[in-house]
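Please read the structure below before turning to the comments.
Here is the naming used below: chain letters follow the sequence lines, and residue numbers restart at 1 for every chain.
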Amino acid sequence: MVIFDSVTKTKRPFEPIKEGEVSIYVCGPTVYDDAHLGHARSSLAFDLLARTLRALGYKVTLAKNFTDIDDKIIKKVEATGKSMQEITAYYIDRYLEEMAQLGVQRADIEPKATESLGAIEAMIQRLIDKGFAYVVSNGDVYFDTSKDPRYGEISHKVHDEEENLSRVAHNSEKRNPKDFALWKACKGEEDICFDAPFASGRPGWHIECSAMIEKYFDGNGEYSIDIHGGGADLLFPHHENEAAQSRCATGHELAKYWMHNGFVQIDGEKMSKSLGNSFFLKDALKVYDGEILRYYLNSVHYRNDFNFNEEDLLAAKKRLDKLYRLKKRLLPGKASAVNPAFKKALLDAMSDDLNISVALSVIDEMVAAANEKLDENPKNKALKKETLANLAFIDTLLGFGGKEPYSYFQIGVDETLKEQIEALIAKRTEAKKAKDFAAADAIRDELTQMGIAIMDTPEGTVWERA
RNA sequence: GGAACCAUCGCCAAGUUGGUAAGGCCGCAGCCUGCAAAGCUGCUAUUCGCCGGUUCGAGUCCGGCUGGUUCCUCCA
């Protein structure tokens, strides 16, 4: 396995800190709103990473957190009158449900800030005790970036750019402009606060992740975890700050490898609420099947920016369709063993920093070759069984192609419509037998009008939702 | 203003030690079909934003330019 490390900006051979095991921590969502396509992409990218490492034989422990204490959540509390717990529980459920539709496997550990306050306070206290953090008059606790000589090494930001920092509003009690809050003291009566030795208040965003990583992973004395992941926008300041906190509190580095996924753009622009082009995953799922969205969103390398548009999505769907059409030709039947060369080619591609493009091309070629052989000999049982096994392997490694093909092609068609379609097809078959092609074609046109495509095969007429 | 990344066929997109351009969508021709659809076969970039340089040889390395995106502030 080779991984592109965002810190060194090179592909590095993956060597786990513990033989045969991989610890991964990915920054999850702040649960104050529905997940958008960007969350989906990040989730999908690291799902692919975990699946690939598992297929390679590693014992993977994936942690993905939920930030459930945050200013934006508090704003939502104020705006809706609901409790923080109600809001975060709702969006966590929504998130997990929508990611499940995309075929994202659940993380092994899903830490929440509210459940990690002890670890957070302990880490802040340790930073204060060691002199890396200081408390200001109102009770806020700040991390002193000037005390960490290696601050900036993760994101390669230069230290002294005072003039450029003027645009960042900052507390005048901060010793350095780049210092950031570890703990925000209570501001008023109705503020949401948690008790802590330094002041009643709540944790800053960055400390949550550092503390949760220390809580759940042992590391090896040199690093806490193998891989830390997240969106490209988290590299600075979030990950820089996390790394600094962990380094100063524990004396060792946070992660051996850092991985960052690219953005989802809509029409070439970053998706954001201010631009009015944000795209909620739940809305996309109303229109497109989760499996197709998964295939589409994963079809571009995770580090590249992803330009979401319907035309490309359609091309992705057609590609997936071909796989399922092949599957139709294989059933009913049982899978035998995966073709070794195919398996190796797929794993080799994914082992190269998750080269999904090559992996998909390997699959396309396998599909075409299988179709060709089936055209020559439709009863090639050994081939059918092996191909079925190949498809099962694709499902395990990449998370698509696992459905029953007829249900895949008939998503969204209810029973009454199904009966109607079957009846029309039966009528057309009769007309064809009677050589009444005009009538047969009329029925086919009618089906086309209904959005149904039909194909005559040696086994009879089959249909798909177009 | 500072920094980073990207620029390959109409569209999407691979291309890590420089060695002579994967795959998909679309399109065209053929096979198959009553006709279609599906499937298969063949064709479809002497060329990789532009200009220089290094080299026997560069999409791949170096320099410059242009264009696009991102980060520097909450953000996947």
Is there a Watson-Crick or G-U wobble partner for [N] with both distances under 3.5 Å, and which nucleotide is it?
N: B:A21; value: none
N: B:A3; value: B:U70
N: B:G57; value: none
N: B:C40; value: B:G30
N: B:C65; value: B:G49

Please report the distance, rounded to the nearest Å, between [atom1] in [X] and [atom2] in [N].
X: A:L234; N: B:C72; atom1: CG; atom2: P; value: 10 Å
X: A:D445; N: B:A37; atom1: CG; atom2: P; value: 13 Å
X: A:D70; N: B:A76; atom1: CG; atom2: C1'; value: 14 Å
X: A:I443; N: B:A36; atom1: CD1; atom2: P; value: 19 Å
X: A:L323; N: B:A38; atom1: CG; atom2: P; value: 17 Å
X: A:Q265; N: B:A76; atom1: CD; atom2: C1'; value: 13 Å
X: A:H260; N: B:A76; atom1: NE2; atom2: P; value: 12 Å
X: A:D456; N: B:U33; atom1: CG; atom2: P; value: 12 Å

Taking any heavy-atom pair under 4.0 Å as a contact, classify [X]: base, sugar-phosphate, or nothing.
X: A:G231; answer: sugar-phosphate
X: A:R41; answer: nothing
X: A:F236; answer: sugar-phosphate
X: A:R428; answer: base
X: A:K9; answer: sugar-phosphate

Under a plain distance cut-off of 3.5 Å, with no hydrogens placed, do [Y] and [X] share a side-chain donor-acceptor pair?
X: A:S42; Y: A:N261; answer: yes
X: A:D305; Y: A:Q265; answer: yes
X: A:Y151; Y: A:N241; answer: yes

Distance-only donor-acceptor test, A:H36 side-chain atoms vs B:A76 base atoms, 3.5 Å: yes

Distance-only donor-acceptor test, A:R444 side-chain atoms vs B:C35 base atoms, 3.5 Å: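 Yes, a donor-acceptor pair under 3.5 Å.
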
Could you list the donor-acceptor pairs under 3.5 angstrom formed by side chains in residues 449-459 of chain A, with sequence neighbours left out?
unit_1: A:D456; atom_1: OD1; unit_2: A:R428; atom_2: NH1; d: 3.2
unit_1: A:D456; atom_1: OD1; unit_2: A:T461; atom_2: OG1; d: 2.8
unit_1: A:D456; atom_1: OD2; unit_2: A:R428; atom_2: NH2; d: 3.1
unit_1: A:D456; atom_1: OD2; unit_2: A:K432; atom_2: NZ; d: 3.0
unit_1: A:T457; atom_1: OG1; unit_2: A:E459; atom_2: N; d: 3.1
unit_1: A:T457; atom_1: OG1; unit_2: A:G460; atom_2: N; d: 3.3
unit_1: A:T457; atom_1: OG1; unit_2: A:G460; atom_2: O; d: 2.7

Pairwise 5' ranking along RNA chain B for A:C27 and A:R329, keeping only the more 5' one: A:R329

Residue met sooner reading RNA chain B from 5', once A:N261 and A:D321 are mapped to nucleotides: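 The residue whose closest nucleotide sits nearer the 5' end is A:D321.
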
Contact pattern, 5' to 3', of nucleotides 11-24 of chain B - B, S or - by protein heavy atom under 4.0 Å: SSSSSB-----BBS

Partners meeting salt bridge (Lys or Arg N to Asp or Glu O under 4.0 Å) with A:D353 (sequence neighbours left out): A:R303

Given A:K328, A:E404, A:R465, the one that forms side-chain contact (heavy atoms from CB on, under 4.5 Å) with A:F409: A:K328

Nearest-Å distance once atom [atom1] is located in both [N] and [M]:
N: B:U54; M: B:G1; atom1: P; result: 33 Å
N: B:C51; M: B:C40; atom1: P; result: 40 Å
N: B:A22; M: B:U47; atom1: P; result: 15 Å
N: B:G67; M: B:C61; atom1: P; result: 23 Å
N: B:G18; M: B:G57; atom1: C1'; result: 8 Å
N: B:C31; M: B:A36; atom1: P; result: 11 Å
N: B:U16; M: B:G59; atom1: P; result: 12 Å
N: B:U33; M: B:G23; atom1: P; result: 29 Å

A:N380 CG to A:L383 CG distance, which is reported to the nearest 0.5 Å: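 Answer for the CG-CG pair, A:N380 versus A:L383, is 4.5 Å.
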
Nearest-neighbour nucleotide for the A:R325 side chain, B:C35, B:A76, B:G39 considered: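 So the nucleotide nearest the side chain must be B:G39.
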
Near-ring test A:Y257/A:F14, centroid separation under 6.0 angstrom: yes

Ring center gap for A:F279 and A:F308 short of 6.0 angstrom: yes

Pair A:Y216-A:Y25, ring-ring contact (aromatic ring centres under 6.0 Å, His included): steps then yes or no: CA-CA 10 Å; A:Y216 292 102; A:Y25 183 94; 8.8 Å; no

